[in-house]
Amino acid sequence: MAGPTLGLGAGTSRATSTPDRRRTGLTRMNATDSSIRTAPSRSPSRAERSREQDHAAGGPEARLVDIGGGRLRPASVVLTTSPRTGTTRAGLRWSVDGRTHSARLGIVDRRTRGANLREGWRLAREAGLLVDAVEQGVVSWASSPGTRRSMRSNKGRDTAPERRLRSLLHAEGLRYRVSARPLPDLRRTADLVFPKTKIAVFVDGCFWHGCPDHGTRPSANSSFWEKKLNRTRERDTETNEALKAAGWTVIRIWEHVPPDAAAEAVRAAIDARTSGP
């Protein structure tokens, strides 16, 4: 997908007649522009473009795409306007190992660039192209060094409780998929998936998922974190309901639960599935 073309022609005509756009190089101005600048406009810096994308998306944590293998990359919404029809289309673009990837989002027709960018991010979320940063443990936007250190201890996958549980189950001959989607069309990843018995296991971190015994809330930006953590719990409920409706058994285990007890809960669910009525 072609990227947007930036820039403004520097020449203007002193004649009273309407200048030929092809001859002067003038382009149509945005509705918000009040005058034509005769000096070439400065291209925005990378930091300025990043801040613009962060603002439109709702924060840097709202710009992430899953590129597989537990890796996330920031994406950007790109606006391209057809010179023939004037139609503006939005697309999502991100880079993986030096290669650019993109996805079409659709037509946007807001009055300003900022509004079109926000609409593009909305379309990207509706299309399921973005991941939930809270669920993945992204912490670059933590408000203080203490909060940041706490958040960094909460990895998105391969946590110590997960590894201990997997080790116990594997030793008993049980086989499973790790960090996989139980349903291909549902953008939810379970820590352990047993496809044959349709069992999805989630090892939930006490902070992110609101453990009643060990869950805490950062004192800084309390309203921000209240919203984020409440949304995580809402997603957990939505995930449970969607999987159960599709015939899956959902097991949620707090990270503080002893590994033996966690493994026993998984074994009991597998036995119940395989024994039949």
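Position 1 is the first residue of the sequence; numbering continues from there.
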Same apolar cluster (I L V M F W Y, side chains within < 4.5 Å links), Val178/Leu174: yes
Inter-residue atom distance Lys227.NZ - Glu234.CD, 0.5 Å rounding: 10.5 Å
Nearest atoms (heavy-atom pairs only) where Ala90 meets Val108: CB-CG1, 3.9 Å
Result of checking Thr81, Asn116, Asp109 against Thr88 for side chain to side chain donor-acceptor pair (under 3.5 Å): Thr81
Shared hydrophobic cluster, Ile251 / Leu243 (ILVMFWY, side-chain heavy atoms < 4.5 Å): no
In a table with atom names and distances, give each donor-acceptor pair under 3.5 Å that connects a side chain of residues 194-204 to protein atoms at least two apart or in another chain.
unit_1	atom_1	unit_2	atom_2	d
Lys198	NZ	Ala246	O	2.9
Asp204	OD1	Arg252	NH1	3.0
Asp204	OD2	Arg252	NH1	3.0

Single-linkage hydrophobic cluster, 4.5 Å side-chain cutoff, Val266 and Trp254 together: yes
Check: Gln53 side chain, Val77 main-chain N or O, donor-acceptor pair, under 3.5 Å: yes
CG-CD1 distance between Asp191 and Ile253, expressed to the nearest 0.5 angstrom: 9.0 Å
CH2 on Trp121 to CG on Leu105, rounded to 0.5 Å: 9.0 Å
From CA spacing to verdict: side-chain hydrogen bond (donor to acceptor under 3.5 Å, both in side chains), Asn230, Arg233: CA-CA 5 Å; Asn230 285 344; Arg233 289 196 293 271; 2.2 Å; yes
Ser45: side chain to side chain contact (heavy atoms under 4.5 Å, CB included) partners, not counting sequence neighbours: Ala47, Glu48
same_hphob_cluster(Val250, Ile270) at 4.5 Å side-chain heavy-atom cutoff: no
Donor-acceptor pair, side chain of Thr239 and main chain of Arg235, under 3.5 angstrom: yes
Residues forming a side chain to side chain contact (heavy atoms under 4.5 Å, CB included) with Asp185, sequence neighbours excluded: none
For Asp54, all residues meeting salt bridge (charged side-chain N to carboxylate O under 4.0 Å, His left out), sequence neighbours excluded: Arg63
Side chain to side chain donor-acceptor pair (under 3.5 Å) involving His256 - partner list, sequence neighbours excluded: His214
Residues Glu255, Arg164: salt bridge by 4.0 Å N-O rule: no
Joint cluster assignment, Leu130 & Leu183, ILVMFWY side-chain distance < 4.5 Å: no
Set of residues satisfying side chain to side chain contact (heavy atoms under 4.5 Å, CB included) with respect to Thr85, sequence neighbours excluded: Ser82, Thr87
Check: Arg73 and His101 side chains under 4.5 Å, non-hydrogen atoms: no
Which atom of Pro74 lies closest to which atom of Trp94, heavy atoms considered: O-CB, 3.7 Å
Residues in salt bridge (charged side-chain N to carboxylate O under 4.0 Å, His left out) contact with Glu126, at least two apart in sequence or another chain: Arg122
Heavy-atom closest contact (Leu186 atom, Ala242 atom, distance): CD2-CB, 3.9 Å
For Ala115, all residues meeting side chain to side chain contact (heavy atoms under 4.5 Å, CB included), sequence neighbours excluded: Arg110, Thr112, Arg118
Partners passing side chain to side chain donor-acceptor pair (under 3.5 Å) against Glu241 (at least two apart in sequence or in another chain): none
Leu165 CG to Arg163 CZ distance, which is reported to the nearest 0.5 Å: 12.0 Å
From Leu79 atom CG to Leu117 atom CG, the distance as rounded to the nearest 0.5 Å: 4.5 Å
Phe207 and Thr232, any side-chain heavy atoms less than 4.5 Å apart: no
Partners meeting salt bridge (charged side-chain N to carboxylate O under 4.0 Å, His left out) with Asp97 (sequence neighbours left out): Arg71
Check: Arg187 and Asp66 side chains under 4.5 Å, non-hydrogen atoms: yes
His170 versus Tyr176, closest heavy-atom pair with distance: CB-OH, 3.6 Å
CZ on Arg231 to CG on Asp236, rounded to 0.5 Å: 10.0 Å
Shortest non-hydrogen contact from Ala57 toward Ala62: O-CB, 3.4 Å
Backbone N/O of Pro44 and side chain of Arg49: donor-acceptor pair under 3.5 Å: yes
Contact summary for Leu129 and Ala103, nearest pair of heavy atoms: CD1-CB, 4.0 Å
Any pair counted as salt bridge (charged side-chain N to carboxylate O under 4.0 Å, His left out), so long as it reaches residues 167-182, sequence neighbours left out: Glu172-Arg267
